[in-house]
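The next block holds one structure in the form of structure tokens; read it before the comments.
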2 protein chains.
Amino acid sequence: MTQHPAPDSGAPSLDQARRQIARYGLPADPQAVLVAARLMAAGARLGQAGEVHFGRFGLSTGRYRLLADLEDHGGEKSPSQLAASLGVSRATVTGLVDGLEREGLVARRPSTEDGRGNVVILTARGADKLRDLAPEHFARMQALVGGLSVEERATFLDLLARVVAGIDALTAD
Amino acid sequence: MTQHPAPDSGAPSLDQARRQIARYGLPADPQAVLVAARLMAAGARLGQAGEVHFGRFGLSTGRYRLLADLEDHGGEKSPSQLAASLGVSRATVTGLVDGLEREGLVARRPSTEDGRGNVVILTARGADKLRDLAPEHFARMQALVGGLSVEERATFLDLLARVVAGIDALTAD
DNA sequence: AGCATCTGATTAGGCGCCATAGTACTTCTC
DNA sequence: GAGAAGTACTATGGCGCCTAATCAGATGCT
């Protein structure tokens, strides 16, 4: 087995935030910085956990998202459309489709409308895969937020959306 | 006409969640699943944004975290300790230190206490780097959660912590 | 028709995160 | 002193994502 990281490794403390801010005499609010840092740490942990979760089914986060998006659109979509709805580049979609095609979960067919285009279709095996993993997948997804009540989840959803809107602040300019 | 032309790529909708659950007649709560899915999408976006943010200073998320952790411990720490407090493997720390050492932000010294061990130290250049990026870094971190009031941030912090506790549910077993 | 251009998809290469497995070496313990 | 355990590094590999360059079909303009 691998060594399991210490209990709460990676999660910064309020004191750490305070110290860092104080060190340079900055006008930042420690609480705000703490929330932001915790959020980023949580995001990282979540990303890794997601990879583990999907790895259980022989998939990855990106591959699952592509598969699910395909299923949600009648099992047929062009790479460009996939790139747009997944929010990644077309090159990334090519890579994801390559992997999924290798495992027979998806197939490429020439587009009937556009000679240079493709259509990615969900194969029977791909649909089976989604059906098989669905019970466990959704149960675990639900368990992830199981520590919150319905009202709390609604609140969380709202706050999260507003934070997501603030992501631009990290990237802007 | 339909309401969502889907400009917000990557963020799943409640309808999608409902459809996916209904498709297999599962007992999952769409709202819970939606919150979980949004959370994971947010985590992914945050991770990328963080990489962009730190890239601005010629760093990456992992490298910054290592540097900051070092600074917070008097500028000296062993790779094993770093691995533990960052929550990554020792091999990963080796890689991060390699990169930072190449840029002169950090240096390796043989441990005086343990002949087989190293100590990673923060160089003057490394300390300068941290000081230089601090104002912008903290300002942006604060801006990230700027859309929330102080009370909301406190609430968010609490809810986030409880969700983080639920991450194990994704990985467990 | 002929040529420029736009668009779809892919390739090549890069960087990021991380993990495992194996090796070398030191230290500690019996 | 011999073996166990710990430290660190190397090598390899996976995944995610990106940009830039390329090829091929579609379209538009004259």
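- Residue-level contact check: A44(B) touches neither bases nor backbone, having no heavy atom under 4.0 Å from any strand.
- Comparing atom distances between the E51(B) side chain and each of dC17(D), dG16(C), dT11(C) picks out dG16(C) as nearest.
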Got a list of protein N/O to nucleotides 4-7 of chain D N/O distances below 3.5 Å?
from: dG6(D); atom 1: N3; to: R116(B); atom 2: NH1; distance (Å): 3.4

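- Across the protein-nucleic acid pair, Y64(B) atom OH and dC17(C) atom C1' stand 18 Å apart, rounded to whole Å.
- Of the candidate nucleotides dC17(D), dA19(C), dG16(C), dA19(C) has the atom lying nearest to any side-chain atom of V88(B).
- The nearest whole Å value for the distance from the CD atom in Q48(A) to the P atom in dA19(C) is 6 Å.
- Atom CG of D98(A) and atom C1' of dA12(C) are 13 Å apart (whole Å).
- Rounded to whole Å, the distance from CZ on R63(B) to C1' on dC17(C) is 11 Å.
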Could you check Y64(B) against H53(B) for side chain to side chain donor-acceptor pair (under 3.5 Å), going step by step and ending with a plain yes or no? CA-CA 11 Å; Y64(B) 171 77; H53(B) 170 64; over 6 Å; no
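- Backbone-only contact: S60(B) has heavy atoms under 4.0 Å from sugar-phosphate atoms and none from a base.
- R109(B) contributes no side-chain N or O that, together with a main-chain N or O of E76(B), makes up a donor-acceptor pair within less than 3.5 Å.
- With respect to the salt-bridge test (charged N to carboxylate O, under 4.0 angstrom), the residues D98(B) and R108(B) qualify.
- Summarising the geometry of K129(B) relative to L59(B), their closest heavy-atom pair is CG-CD1, 4.4 Å, with the distance given to 0.1 Å.
- As a whole-Å value, the separation of E103(A) CD from dC15(D) P is 8 Å.
- Screening residues 82-95 of chain A for salt bridge (Lys or Arg N to Asp or Glu O under 4.0 Å) gives no qualifying pairs among residues at least two apart or on separate chains.
- Residues satisfying the salt bridge (charged side-chain N to carboxylate O under 4.0 Å, His left out) criterion with R23(B), sequence neighbours excluded, are E71(A), D72(A).
- Side-chain atoms of R108(A) lie closest to dT10(C) of the nucleotides dC17(D), dC9(D), dT10(C).
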